Each structure stands twice: as C-alpha cells, then as structure tokens.
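Keep in mind it's a predicted model, so treat the numbers as computed, not measured.
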Amino acid sequence: MAATQASLLLQKQLRDLCKKPVDGFSAGLVDESDVFEWSVSIMGPPDTLYEGGFFNAIMSFPKNYPNSPPTVRFTSEMWHPNVYPDGKVCISILHPPGDDPNGYELATERWSPVHTVESIVLSIISMLSGPNDESPANVDAAKQWRDSREEFRKRVSRCVRKSQEML
C-alpha cells in the first residue's frame, strides 16, 4: 500500500514538473516502468564556480516515500565538499527525519515529508552555490575549498568542462 501511495505521489510530482518546468534543472524517469528512479540534470548556478556545467544525477526513492528521503548521486564528475567521492549528495534535507545522532543538525533541518523533488533539487542548486565545509562528505574537497581556493576553482572548472563534453 505504501509503495502505491509513493508511486502515485511521484507520478504527480513528475507531471507537475513537466507542466511547469523549474529553471536550473530537468527531471525524468531513468526507465519508464520505474517511477522510483529518476534522472536529473542540474545546470551549474549562475555566478558560481559551477556555472556553465550540466551535471547528471540519479535520484532513488524508497518505497515509503515521502516518509523517508531519496538518495541523490551525481553520475557526472563532481568536486564539492558536500558530495562524497562516489557522487552521493550529503545535505541535511536528505538525512532521515528526527534528531541527528551526531548532533550537527537540528531535526527541523532534516528530511520532512513536505519536501518534493523540486525542493530537493533547489537545495542541491543552493549547495552548489555555497558549500558547507563544517561537516564535509568529501574531506579533501573541503580542505582544498578552505586552504587553496585557486586549486579548488581549477578542479571544479575541469568538472564543468567535462560535463559540457558529455552533452
């Protein structure tokens, strides 16, 4: 039953995004027969190091969505303090609801069933605009962001160029 409700909700969110596209990203199903796995393309936000890039990601939804958050993993190369080396995005709203066992985040900053695909992707775009190096997923990227901004910029520029070549 929960999977059916999740499926209906995801179908509705996909229809809504098709009717009213949102600037900065596009989304669709990886496979038309599976509404729980989406392909998302995110444009690098203007006036950021990621500007001009086209970054692809897979958004995988659990069967009990929206009670639990999806996972988002970039399939395009991404150098960012809040993206694990394997491409998995680490932002508060994608963390399970409730209190943070590590004490870094307030429960109100974590997943809530009111979030939608649109709010998730907009949060990722915001993350690209302003990395959080306080609790990084990629320690090397965070260290470079803090200590060697020019080297960080060069590495991101390579990711942007690579993303453009994949078009």
Side-chain angles (χ1 to χ4, degrees), residues 9-62 65-66 69-95 105 109-111 115-167:
L9 179 59
L10 288 168
Q11 289 172 31
K12 180 190 181 319
Q13 289 184 17
L14 183 59
R15 273 194 315 273
D16 291 348
L17 284 172
C18 289
K19 280 187 218 160
K20 291 185 179 172
V22 177
D23 283 348
F25 78 94
S26 63
L29 300 180
V30 170
D31 174 344
E32 292 300 317
S33 67
D34 183 4
V35 74
F36 291 95
E37 189 145 283
W38 291 33
S39 174
V40 180
S41 294
I42 299 172
M43 287 173 260
D47 304 319
T48 71
L49 297 177
Y50 300 91
E51 181 174 19
F54 295 91
F55 303 100
N56 296 315
I58 300 292
M59 193 177 287
S60 301
F61 296 89
Y65 177 82
T71 58
V72 180
R73 187 178 54 80
F74 279 103
T75 54
S76 301
E77 186 178 326
M78 178 58 69
W79 185 246
H80 191 284
N82 307 116
V83 178
Y84 286 99
D86 70 355
K88 188 174 177 191
V89 175
C90 179
I91 54 175
S92 299
I93 69 162
L94 293 178
H95 296 158
E105 303 165 331
E109 297 172 315
R110 295 167 69 89
W111 178 255
H115 287 296
T116 62
V117 171
E118 180 179 340
S119 68
I120 295 164
V121 177
L122 291 174
S123 292
I124 293 170
I125 291 169
S126 176
M127 171 201 81
L128 292 175
S129 300
N132 172 6
D133 61 1
E134 295 300 313
S135 59
N138 185 329
V139 176
D140 294 334
K143 185 173 177 5
Q144 195 176 54
W145 166 258
R146 279 194 302 266
D147 302 341
S148 182
R149 197 62 62 95
E150 185 56 28
E151 289 303 310
F152 183 88
R153 187 192 66 70
K154 286 179 185 172
R155 180 92 182 250
V156 170
S157 290
R158 283 196 297 273
C159 292
V160 168
R161 272 195 312 280
K162 247 187 191 174
S163 77
Q164 293 167 337
E165 291 167 5
M166 301 305 281
L167 291 176

Participant: Determine, for K162 against E165, whether the closest basic-nitrogen to carboxylate-oxygen distance falls under 4.0 angstrom.
Facilitator: no

Participant: Which heavy atom of R153 sits nearest a heavy atom of L49, and at what distance?
Facilitator: CG-CD2, 3.5 Å

Participant: Look at atom CG of D147 and say whether more than 12 heavy atoms of other residues, nucleotides or ligands are closer to it than 6.0 Å.
Facilitator: yes

Participant: Please determine whether salt bridge (Lys or Arg N to Asp or Glu O under 4.0 Å) holds for the pair E151 and K154, giving the CA-CA distance in whole Å, both sets of side-chain angles, and the decisive distance to 0.1 Å.
Facilitator: CA-CA 5 Å; E151 289 303 310; K154 286 179 185 172; 3.6 Å; yes

Participant: Quick check: F74 with H80 (ring centres under 6.0 Å apart)?
Facilitator: no

Participant: Is a donor on one side and an acceptor on the other found under 3.5 Å between the side chain of Q13 and the backbone of V117?
Facilitator: yes

Participant: Please set out all donor-acceptor pairs under 3.5 angstrom arising from side-chain atoms of residues 27-46, sequence neighbours excluded.
Facilitator:
{"from": "D31", "atom 1": "OD1", "to": "S33", "atom 2": "N", "distance (Å)": "2.9"}
{"from": "D31", "atom 1": "OD1", "to": "S33", "atom 2": "OG", "distance (Å)": "2.9"}
{"from": "D31", "atom 1": "OD2", "to": "S33", "atom 2": "OG", "distance (Å)": "3.3"}
{"from": "D34", "atom 1": "OD1", "to": "F36", "atom 2": "N", "distance (Å)": "2.9"}
{"from": "E37", "atom 1": "OE1", "to": "S60", "atom 2": "OG", "distance (Å)": "3.1"}
{"from": "W38", "atom 1": "NE1", "to": "V35", "atom 2": "O", "distance (Å)": "2.8"}
{"from": "S41", "atom 1": "OG", "to": "N56", "atom 2": "OD1", "distance (Å)": "2.8"}

Participant: Do W79 and N138 come within less than 4.5 Å of each other through their side chains, counting heavy atoms only?
Facilitator: yes

Participant: Just wondering, are more than 12 heavy atoms of other shown residues or ligands nearer than 6.0 Å to CD in E150?
Facilitator: yes

Participant: Looking at every non-hydrogen atom in both residues, tell me the closest pair between I120 and I93 and how far apart they are.
Facilitator: CA-CD1, 3.8 Å

Participant: From S163 OG over to R158 CZ, what is the distance, rounded to the nearest 0.5 angstrom?
Facilitator: 13.5 Å

Participant: For F55 and Y50, work out which heavy atoms get closest and say how close.
Facilitator: CE1-O, 3.8 Å

Participant: Between OG of S26 and CG of L17, what distance do you get to the nearest 0.5 Å?
Facilitator: 9.5 Å

Participant: Using the six-membered ring wherever Trp is involved, compare the ring planes of Y65 and F61 and label them parallel, tilted or perpendicular (cut-offs 30° and 60°).
Facilitator: perpendicular

Participant: Could I get the full list of side chain to side chain contact (heavy atoms under 4.5 Å, CB included) partners for A142, not counting sequence neighbours?
Facilitator: P81, D133, P136, R146

Participant: Start with the C-alpha distance between K12 and D16, add both sets of side-chain angles, then the distance that settles salt bridge (Lys or Arg N to Asp or Glu O under 4.0 Å), and finish with yes or no.
Facilitator: CA-CA 6 Å; K12 180 190 181 319; D16 291 348; 2.7 Å; yes

Participant: Mind listing the closest non-hydrogen atom pair of L122 and V22 along with its distance?
Facilitator: CD2-CG1, 4.1 Å

Participant: Nearest 0.5 Å please: distance from the NZ atom of K88 over to the CG atom of N82.
Facilitator: 13.5 Å

Participant: Just by modelled atom types, is the P66 backbone N or O under 3.5 Å from a matching donor or acceptor in the W111 side chain?
Facilitator: yes

Participant: How many angstroms lie between CD1 in I124 and CD1 in I91, if you round to the nearest 0.5 Å?
Facilitator: 5.0 Å

Participant: Would you say E51's side chain and D47's backbone share a donor-acceptor pair under 3.5 angstrom?
Facilitator: yes

Participant: Would you name the heavy atoms of S119 and H115 that are closest together and state the gap between them?
Facilitator: OG-ND1, 3.2 Å

Participant: So do the side chains of M127 and S123 get within less than 4.5 Å of each other, counting heavy atoms only?
Facilitator: no

Participant: Report the C-alpha distance between C90 and H95 in whole Å, list the side-chain angles of each, state the deciding distance to 0.1 Å, and finish with yes or no for side chain to side chain contact (heavy atoms under 4.5 Å, CB included).
Facilitator: CA-CA 8 Å; C90 179; H95 296 158; 3.5 Å; yes

Participant: For the CZ atom of R155 and the CD atom of E77, what is their distance to the nearest 0.5 Å?
Facilitator: 6.5 Å

Participant: For V83 versus M78, what's the shortest heavy-atom pair and its separation?
Facilitator: CG2-CG, 3.9 Å

Participant: Please identify each residue that fulfils side chain to side chain contact (heavy atoms under 4.5 Å, CB included) with R149, with sequence neighbours left out.
Facilitator: W145

